[in-house]
Amino acid sequence: MIRSGRKDATFHDFCCSTCFVAFLMFIATCCCCCCCCCDGFEFKSGISKYDDAYNIAISEVQQNIAQQEDQQDQQVFIAGEGWAQMWVRDTSYAIELGAGLLHPQIALNSLYASTHMVQVPNSDGKNNLVEVWQQDRCDHFGDWPNLSDAIVGTQGSWYLYKITGNVDFLKWAYQVTKHSLQRAEQDVLEGTLFQGCSSFMESNSGYPLKYKFKGDLVGQTKALSTNMLYYAGYKYGEWMGRELVKFNQVEDVSIMESEISIFQSKAANLRDVIRQRFWLPEKGYYAYFEDEDDIPMHNMEGLGEALVLLAPEFELDETRIDQIFASTYRTSMGIPCLWPRFEDIGESQNAIASYYHNGRIWPFVQGYWGLAASRHLKVHVFAEELENLATLGNQDETFAEFYELDGTYPTERRRQLWSDAGYISMIFHGLCGMDFQTDGIVFQPVKPESIFPQQITLKGVTYRSMILNITIVGSGTHVKSFQLDGDVEERPFVPSTLTGTHNVTITVTNTTQNESSFAPSSQTPTIFPTESSTKQLPSFSPSLPTSTMESNTPTADIVPNKCQEIKLAYMDCLNSNNNKDEGCLRAEPLHGKTFLQIANHQLLPIKTLCLEAKLSVCQEDVIACETCNTLVKDLYKCILSLEANGVQECNLECDDNKNNSISSSSPPNPTGVDIIYKGTFVVTQLVVLSLVILG
């Protein structure tokens, strides 16, 4: 097992002799020569700035592989120059950002080396010796429990499972995650939030002066990023459990189902608390942390904001999402790790740890922010961060640990694993749109025309038992066509069961109007995808008038009269068009889903009515999107009719002649509205079908 070092110490603490420097150079040379080579993954855009930055990042990830200290026959990721050891945090973030796809075996070795044994009480109060994710430590604040983001190991584990499909690894990762959550609930859960330092900003420079060298006081605060990691830990624990049940890898299904239910409930509770206590409406973003008196700091945390935007089923309020992108401060060189900076904390250019977390630019944070922008189709934000990070990587042919706002950096902090992975993620997950699911890859490229008007390629992508050569034509975010080995596919998806070499050609455009579309993905495209076997939709509730709602029906964060507002907007549009429906209401394919859009209304941009369905009967018309537009319109009209008492169900039928009909009935089903497509499949309650979502 590789021990964590001290990341807030000066470089001089580690490099106090020329012998040690020579040793580091020897290790780097060995890494270049002996570690397994990353064949393939050849990216070409025709623009040297971006191609060169990519090649630098790929090469540096390769150089950040070293022999494991206590097992010389195995290799693991190290943090980078200046840090000749493995860090759980750096490793897990880097794996999730793409290093796991490049080097799955190294990622596996690294995660196996990222744990240790601790005593955790079981249900009867007796202590059990269990394996948990190891906590990185620092000199300024110490380690567990003042630092409590060890659950970050689950981030990399879930991504690696999706990449490899390794069920044996999943069984191990599930147990480590479960025990890590139990340990955290015992040691650092204070009421409803987890205490402890912000993930990765574990130095005096990341906190106001009163916290300087006071790890016990920092340990009483509650950080946004750390709590988001615990939220994701619960969600991944839930999905890991479901996968194990699916593959018959559990001894007692009833026990596992109980654990899954508990994870699901705890995630939901933590989500509600974070959204209530950390949101700063006057700022338009989430607070960096709550202090020891539960008072939120009004600084923003770059990583925390990105995790909010990426976490599965977390931030579903479109208004909040737009506010975060609009309000989060960005410098001319990229998003800072926090802002505004803390004043008078004793920064010294002779001591890196005295300033490097205080509003500096960290490329791995840029990677997560850029990924969040791509997942929410914020093309300009994505393009901006991609361009900034490519500029930083090219200026000295390295991706450093952090940068000053003018792009300078300490030369002893070159070649950092997670910094390289931050740029790689923007290429893999953002530009090329690879969104890994448990059963394959959903593609949703975000290709800014301002940067890449021409064709781009990513060749030699090794994924499970296949090699993919990907070509993306056009610019934009709308997938106009998707071809696999020359055959046009119904949806932009490559199943994980393929073997051999395959060619993927994607054509994207800037608009969804008068273009072809695809049946929505069975999974939510995000780096934190919803677990595929359950095919669950976001847990929204319809915002119907309160007079017709059951009193105990759960509600989403929707303005109570939103349904009426939408109806009035629709009626206004009809009136202005002489009662013609054209342009007032239509189905729009976007990011692997189908959305209901009400046009010409500034207050109502895109509303989600996710049809998580594969409309095979209407497949021919999905391309023209005419028949399915009709289905959505009829569905919407039926939803509006729910305002009439007694209408409990909408039955949409699409017969073999592609004629659509709709009927209303009143079965004993007070919990929601069943939407049924004859011929294929879908039965899902409207309370999880995401009626009309507005932030």
Side-chain angles (χ1 to χ4, degrees), residues 3-9 87-90 92-93 114-121 127 130 132-155 177 179-234 266 269-270 273-274 277-278 286-301 303-304 307 337-338 342 345-346 353-354 356-358:
R3 284 193 180 275
S4 301
R6 301 178 299 158
K7 264 208 164 178
D8 57 0
W87 285 72
V88 177
R89 183 188 303 122
D90 301 40
S92 189
Y93 281 136
S114 296
T115 63
H116 65 158
M117 306 300 291
V118 299
Q119 295 281 349
V120 174
N127 282 339
V130 297
V132 299
W133 298 114
Q134 183 170 326
Q135 180 60 56
D136 295 320
R137 70 172 305 276
C138 70
D139 271 7
H140 289 183
F141 300 145
D143 52 17
W144 188 273
N146 300 337
L147 275 61
S148 60
D149 67 334
I151 194 66
V152 69
T154 305
Q155 304 277 130
T177 295
H179 294 146
S180 297
L181 289 169
Q182 290 172 343
R183 179 199 190 194
E185 290 168 357
Q186 169 191 287
D187 294 348
V188 296
L189 182 62
E190 197 278 321
T192 53
L193 288 171
F194 289 91
Q195 294 181 321
C197 181
S198 168
S199 181
F200 101 87
M201 293 204 289
E202 77 283 14
S203 76
N204 292 334
S205 64
Y207 281 79
L209 183 61
K210 71 174 182 177
Y211 295 99
K212 191 171 185 177
F213 292 113
K214 295 180 180 178
D216 56 344
L217 190 60
V218 171
Q220 297 176 43
T221 65
K222 306 171 189 71
L224 173 63
S225 56
T226 300
N227 275 274
M228 288 306 304
L229 291 178
Y230 279 102
Y231 169 79
Y234 284 131
K266 289 180 177 179
N269 292 337
L270 184 55
V273 175
I274 294 172
R277 288 173 56 172
F278 281 84
Y286 282 84
Y288 172 22
F289 68 87
E290 278 190 355
D291 70 9
E292 62 278 10
D293 296 317
D294 298 336
I295 299 173
M297 298 294 295
H298 281 210
N299 308 68
M300 78 84 194
E301 175 190 13
L303 177 62
L307 294 180
C337 60
L338 69 84
F342 296 119
I345 62 171
S354 72
Y356 72 156
H357 288 135
N358 193 18

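These numbers come from the heavy atoms of this one structure, side chains and all, not from hydrogens, waters or symmetry mates.
- Residues Ser225 and Leu303 come closest through the heavy atom pair CB-CD2, 4.4 Å.
- Of the possible donor and acceptor atoms, none in the side chain of Thr154 sits under 3.5 Å from a partner among the backbone N and O of Gly233.
- For the pair Thr177 and Trp133, the minimum side-chain heavy-atom distance is below 4.5 Å.
- For the residue pair His357 and Leu338, the shortest heavy atom distance occurs at O-CD2, 3.3 Å.
- In plain terms, the two heavy atoms of Cys197 and Phe141 that are nearest each other are SG-CD1, 4.2 Å.
- A donor-acceptor pair is defined here as one N or O able to donate and one able to accept, closer than 3.5 Å; no such pair exists between the side chain of His116 and the backbone of Gln134.
- By the 30° and 60° cut-offs, the orientation of the rings of Tyr207 relative to Phe289 is tilted.
- Checking side-chain atoms of Ser199 against main-chain N and O of Thr226 turns up no donor-acceptor pair under 3.5 Å.
- Met300 contributes atom CE, which lies 15.5 Å from atom OH of Tyr286 (distance to the nearest 0.5 angstrom).
- Ring geometry for Tyr234 against Phe194 counts as tilted: the plane angle lies between 30° and 60°, on a 0 to 90° scale.
- Under the 3.5 Å distance criterion, the side-chain polar atoms of Asp136 are matched with a main-chain donor or acceptor of Arg89.
- The closest side-chain donor-acceptor pair between Gln195 and Asn146, if any, does not fall under 3.5 angstrom.
- For Val120 against Gln182, the heavy-atom pair with the smallest separation is CG1-CB, 4.0 Å.
- Annotation for Tyr93 and Leu229: closest pair OH-CD1, 3.5 Å, computed over non-hydrogen atoms.
- Between Met297 atom CE and Phe342 atom CZ the span is 4.5 Å, to the nearest 0.5 Å.
- Atom CG of Asn127 sits about 5.0 Å away from atom CD of Gln119, to the nearest 0.5 Å.
- In this structure, the side chains of Asp291 and Tyr211 come closer than 4.5 Å at one or more pairs of heavy atoms.
- Judged purely by atom type and a 3.5 angstrom limit, Gln135 uses its side chain to pair as donor or acceptor with the backbone of Asp149.
- Residues Glu292 and Lys210 are paired through a salt bridge, judged by an N-O separation under 4.0 Å between the basic side chain and the carboxylate.
- Separation of atoms CZ (Arg183) and OG (Ser148) is listed at 10.0 Å; rounding is to 0.5 Å.
- Between Ile151 and Ser180, the shortest heavy-atom distance links the atoms CD1-CB, 3.9 Å.
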* To do: Give the C-alpha distance, both sets of side-chain angles, the deciding distance and a yes or no for side chain to side chain contact (heavy atoms under 4.5 Å, CB included) between Asn204 and Ile345.
  => CA-CA 8 Å; Asn204 292 334; Ile345 62 171; over 6 Å; no
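- Rounding to the nearest 0.5 Å gives a distance of 11.5 Å between CG of Asn269 and CG of Leu193.
- Between the CZ atom in Arg277 and the NZ atom in Lys222 there is a gap of 6.0 Å [rounded to 0.5 Å].
- Proximity of a side-chain donor or acceptor of Asp293 to a complementary backbone N or O of Ile295 within less than 3.5 Å is not detected.
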